[in-house]
Amino acid sequence: MRTFGSYDYVIVGGGSAGCVLANRLSANPEHSVLLLEAGGKDDWIWIHIPIGYLYCIGNPRTDWCYKTEPEPGLNGRSILYARGRVLGGSSSINAMLYLRGQASDYDQWAQLTGDDRWSWSAVLPVFKASEDHWSGGSQTHGAGGEWRVERQRLSWEILDVFREAAVEAGVAKIDDFNRGDNAGSAKFEVNQRRGVRVSAAKAFLRPALGRPNLTVVTDAQARRLRCEGTRVLGLEFVHRGEALFAGARRETILAAGSIGSPQLLQVSGIGPGALLQRHGIAVVHDLPGVGENLQDHLQLRMAFRVEHALTLNTMANSWWGKARMALEYALRRTGPLTMAPSQLGAFMKSDESQTSANIEFHVQPLSLDKFGDPLHRFPGFTASVCNLRPTSRGSIRIKSPDSAAHPAITLNYLSTEADKGVAVQSLRLARRIVTQTQAMQRFEPDEFLPGPQFQTDEELVTAAGNVGTTIFHPVGTCKMGRADDDWAVVDSELRVRGLQGLRVVDASVMPTITSGNTNSPTIMLAERGASLIMAAHR
């Protein structure tokens with residue numbers, strides 16, 4: 001095995017967190033930094049045109065194309081589990097929605113880790129520091145940072161009317177989901193610049209590529225961490241068929257995400273001892289929490305046929321609609337080609353026992369049977385609703401000692417009575433907003449997914465299993481926690497417990513999932529992680 005070189009920092013994974021880390025750590029010219037990404041460069045046009053996520057997800061050029069294990073809660077279905085495999089990671093193929101979560105999410109992190117640096121008051125300045133908000137900055141938003149946030153560049157009458165219907169159901173209109181309390185309805189803000197996607201690679205990595213102390217290698221498949229006792233020395237990887245070793249003088253930093261990071265730890269002998277031994281892997285460090293505590297937002301897709309409404313179904317299924325959309329984007333960078341998967345959001349309580357909003361609606365002016373299928377030929381819209389604080393927990397566990405083999409992804413959706421209860425309440429709330437409000441009646445909504453035949457609690461749990469699917473928000477598989485938490489993988493400074501020279505800095509360290517899309521919280525987490533790393537080596 002040839003030695004590729006020795007660096008101060010070796011970063012594994014060129015996704016959202018990895019791009020931030022590469023920028024911040026290489027800003028000091030005295031640091032030598034190596035960034036390794038298993039995927040390719042982000043030079044495909046459909047990465048940058050917002051609607052292009054339709055072509056990126058499920059495409060091995062940009063996606064790992066994982067599949068979950070059959071899920072009992074989804075009535076035995078296995079589903080696509082997209083994760084970005086390209087520079088920028090999932091920020092190059094995701095929904096582009098800018099959501100931080102709620103203040104209570106981070107205050108809970110501070111409690112679970114015993115470290116107030118993860119509280120809302122402490123992380124808000126971190127969010128603001130890298131933000132470039134369309135408003136020009138305020139008490140809650142930043143300006144001049146790399147992470148551009150803009151309003152969407154299109155509108156749909158049916159979404160505006162849904163928002164009015166939500167008011168009838170007791171959901172107030174608000175103008176910002178990112179002030180710490182999300183309750184209400186608003187149009188989502190997006191990581192775009194004038195109708196073009198802003199990924200982490202574009203925002204953070206590209207400005208740093210000219211630095212002589214930063215080396216970026218794509219098509220670099222991580223094989224295993226190399227250890228000497230409890231010290232991690234660096235990473236073995238394969239690049240264009242050649243086995244290589246990159247040494248880390250200071251730290252190796254895993255930023256491979258909630259699937260990649262625990263998988264790499266496990267194939268390197270770091271993880272649950274019984275699992276490793278079952279696959280013939282020598283146990284370097286028995287750490288039972290590696291790969292456990294997997295959390296995700298399960299979305300329940302309710303779809304309705306409507307009358308007297310323009311939806312994307314109508315436009316996408318006609319030559320004039322396609323021509324109009326293409327022309328509008330070419331001339332003005334506006335219209336449906338700038339669409340995020342969801343344009344309108346609504347946060348609310350599933351019942352009054354909740355301390356804050358615990359469910360979120362993503363409302364879309366389109367309908368289809370499942371992701372990847374064609375849009376229906378009749379006018380329709382979708383009101384997806386997800387449980388923001390699921391109690392179900394899953395796992396990532398290797399099936400083979402080969403790091404190139406996909407691991408077993410088990411979500412255990414709807415495996416707790418609490419999650420089943422929220423699912424039932426969510427479906428009933430969606431029906432109330434769409435079918436029992438005056439505002440929506442002009443469109444004559446007719447539910448066809450999951451269908452009005454599901455009425456009792458038991459039937460609605462079955463319906464949730466029929467229409468439930470992921471929003472691609474996996475977190476928690478290398479969770480941070482206190483020293484007395486046997487399932488914590490990293491401490492509050494993101495150092496892997498019991499080892500030296502190794503940190504995990506990505507969404508896998510979140511102890512609990514945030515209330516909304518997880519990409520911008522991952523950006524914040526990487527900013528904080530970079531600061532912790534630099535402070536440790538001053």
Side-chain angles (χ1 to χ4, degrees), residues 1-2 4-5 7 9-22 33-44 47 56-67 80-94 199-202 204-205 209 214-226 232 234-246 248 252-268 270 291 396 398-409 472 474 477-478 502-508 519 522 526:
M1 180 177 294
R2 183 168 68 87
F4 188 76
Y7 302 82
Y9 301 106
V10 174
I11 303 167
V12 186
S16 297
C19 289
V20 173
L21 290 164
V33 179
L34 173 64
L35 175 67
L36 299 170
E37 164 56 37
K41 296 180 180 179
D42 60 332
D43 54 1
W44 191 33
I47 292 173
C56 293
I57 292 177
N59 185 335
R61 176 172 181 166
T62 48
D63 182 3
W64 283 97
C65 298
Y66 293 116
K67 287 275 194 175
L80 170 71
Y81 212 65
R83 295 282 86 200
R85 188 176 186 270
V86 65
L87 281 177
S90 293
S91 75
S92 291
I93 68 172
N94 70 359
S199 68
K202 191 179 296 184
F204 296 97
L205 186 59
L209 287 177
L214 173 63
T215 302
V216 178
V217 181
T218 55
D219 303 306
Q221 173 67 54
R223 288 183 60 182
R224 70 179 183 92
L225 298 164
R226 183 181 291 183
V232 176
L235 181 79
E236 297 177 10
F237 65 101
V238 177
H239 176 59
R240 296 176 182 171
E242 183 180 9
L244 301 166
F245 170 71
T252 303
I253 307 162
L254 303 191
S258 291
I259 298 173
S261 288
Q263 180 188 15
L264 182 57
L265 287 170
Q266 289 172 8
V267 299
S268 303
I270 303 165
I396 302 295
I398 55 171
K399 295 180 177 181
S400 161
D402 181 2
S403 64
H406 288 184
I409 302 170
F472 310 114
T477 51
C478 296
L502 180 64
R503 293 190 208 227
V504 182
V505 184
D506 57 32
S508 72
N519 193 58
T522 302

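No experiment lies behind these values; they were computed from the predicted model shown.
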- Does Y9 have any ring-ring contact (aromatic ring centres under 6.0 Å, His included) partners at least two apart in sequence or in another chain, and if so, which? H31, H537
- Note on the structure: For K399, the salt bridge (Lys or Arg N to Asp or Glu O under 4.0 Å) test, sequence neighbours excluded, returns E69
- Task: Return the set of residues passing side chain to side chain contact (heavy atoms under 4.5 Å, CB included) with A404 (not counting sequence neighbours), or none when no residue passes.
- Result: D402
- Query: If only atom types and distance count, is the side chain of E37 paired as donor or acceptor with the main-chain N or O of V86 below 3.5 Å?
  - Reply: yes
- When you measure from the side chain of D506 to the backbone N and O of G257, does any donor-acceptor pair fall under 3.5 Å? yes
- Query: Taking Q263 for the side chain and A256 for the main chain, is one N or O donor matched with an acceptor at less than 3.5 Å?
  - Reply: no
- Supply the atom-to-atom distance I57 CD1 to D63 CG, rounded to the nearest 0.5 angstrom. 7.0 Å
- Query: Within the distance-only criterion (no hydrogens, no angle test), does the side chain of T62 pair as donor or acceptor with the backbone N or O of C56 below 3.5 angstrom?
  - Reply: yes
- Note on the structure: Applying side chain to side chain donor-acceptor pair (under 3.5 Å) to R2 and not counting sequence neighbours gives E242
- Side chain of R83, backbone of F472: donor and acceptor closer than 3.5 Å? yes
- Message: Determine whether a donor-acceptor pair (N or O, by modelled atom type, separation under 3.5 Å) exists between the side chain of T477 and the backbone of S258.
- Response: yes
- Hey, which of S16, S91, S90 is the one that makes side-chain hydrogen bond (donor to acceptor under 3.5 Å, both in side chains) with N519? S16
- Specify whether F237 and H239 have parallel, tilted or perpendicular ring planes, treating 30° as the upper limit for parallel and 60° as the lower limit for perpendicular. tilted
- Would you kindly say whether S92 and D42 are connected by a side-chain donor-acceptor distance under 3.5 Å? no
Return all side-chain donor-acceptor pairs below 3.5 angstrom for residues 217-224, not counting sequence neighbours, or 'none' if the list is empty.
{"residue": "R224", "atom": "NE", "partner": "E236", "partner atom": "OE1", "Å": "3.3"}
{"residue": "R224", "atom": "NH2", "partner": "E236", "partner atom": "OE2", "Å": "3.1"}

- Please name the pair of heavy atoms, one in F4 and one in L244, separated by the smallest distance, quoted to 0.1 Å. CD1-CD1, 3.8 Å
- Task: Mind checking side chain to side chain donor-acceptor pair (under 3.5 Å) for K67 and listing every partner two or more places apart, or none if nothing turns up?
- Result: none
